[in-house]
Enquirer: 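Just passing along the structure, written as structure tokens.
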Amino acid sequence: MLRLVGKKKKQQKRYQRQLEEARKLTFPKMLRLFIKTFALFFGLLLLMTIGISLGLEVFKEWWAQLAVYGVAYVLLQPWLMKDFRPPPPK
């Protein structure tokens, strides 16, 4: 029983260290975040431009564009922030 408690405590400490390390801001992490975000919004811009050229006039409205960007950001936020999350504990 004591070994199990000690093992869990060690795993918890290791997970806390990984969490602290994952949350540190470094230049490569910030650069990857910038590139992913830029790619996401540029891709959405292209899709909305194609939609407008095909006759979807709703994308000319600023509120529709804001809604598309907002929904895409919320849905893809786990992918964008993957570098800042530690691996799940085992």
Enquirer: Measure across A22 and R85 and return the closest heavy-atom pair with its distance rounded to 0.1 Å.
Expert: CB-C, 3.8 Å

Enquirer: Report the distance from atom CG of L56 to atom CD1 of I50, rounding to the nearest 0.5 Å.
Expert: 11.0 Å

Enquirer: Below 4.5 Å, heavy atoms only, C-beta onward: do Q11 and R14 meet side chain to side chain?
Expert: yes

Enquirer: Which heavy-atom pair separates V68 from L44 by the least distance, and what is that distance?
Expert: CG1-CD2, 4.2 Å

Enquirer: Using only atom types and a distance under 3.5 Å, with no angle test, would you say the side chain of K60 pairs donor to acceptor with the backbone of I52?
Expert: no

Enquirer: Does L66 share a hydrophobic cluster with V71, counting links as ILVMFWY side-chain heavy atoms below 4.5 Å and allowing steps through other members?
Expert: no

Enquirer: Do E20 and Y15 have side-chain heavy atoms sitting under 4.5 Å apart?
Expert: no

Enquirer: May I ask whether M81 and Y69 are part of the same hydrophobic cluster, defined by side-chain heavy atoms of I, L, V, M, F, W, Y residues being less than 4.5 angstrom apart, directly or through others?
Expert: yes

Enquirer: How close do F59 and Q65 get, counting heavy atoms only, and between which atoms?
Expert: O-NE2, 2.7 Å

Enquirer: To the nearest 0.5 Å, what is the distance between CG on L80 and CD1 on I35?
Expert: 12.5 Å

Enquirer: Restricting to non-hydrogen atoms, name the atom on R23 and the atom on K29 that form the minimum distance, rounded to 0.1 Å.
Expert: N-NZ, 4.4 Å

Enquirer: Measure the spacing between CG of L76 and OG1 of T37 and express it to the nearest 0.5 Å.
Expert: 10.0 Å

Enquirer: Is there a path of hydrophobic side-chain contacts, each under 4.5 Å between heavy atoms of I, L, V, M, F, W or Y residues, that connects W79 with L47?
Expert: no

Enquirer: Using 30° and 60° as the class boundaries, would you call the ring planes of Y73 and F41 parallel, tilted or perpendicular?
Expert: parallel

Enquirer: Does W63 have more than 12 heavy atoms from other residues, nucleotides or ligands lying within 6.0 Å of its CH2?
Expert: no

Enquirer: Inspect the contact between D83 and R32 and indicate whether a charged nitrogen and a carboxylate oxygen are less than 4.0 angstrom apart.
Expert: yes

Enquirer: List the residues meeting ring pair (Phe, Tyr, Trp, His ring centres under 6.0 Å) with F84, not counting sequence neighbours, and say none if there are none.
Expert: none

Enquirer: Search all heavy atoms of V58 against all heavy atoms of A64 and return the closest pair with its distance.
Expert: O-CB, 3.2 Å

Enquirer: Within the distance-only criterion (no hydrogens, no angle test), does the side chain of K13 pair as donor or acceptor with the backbone N or O of K8 below 3.5 angstrom?
Expert: no

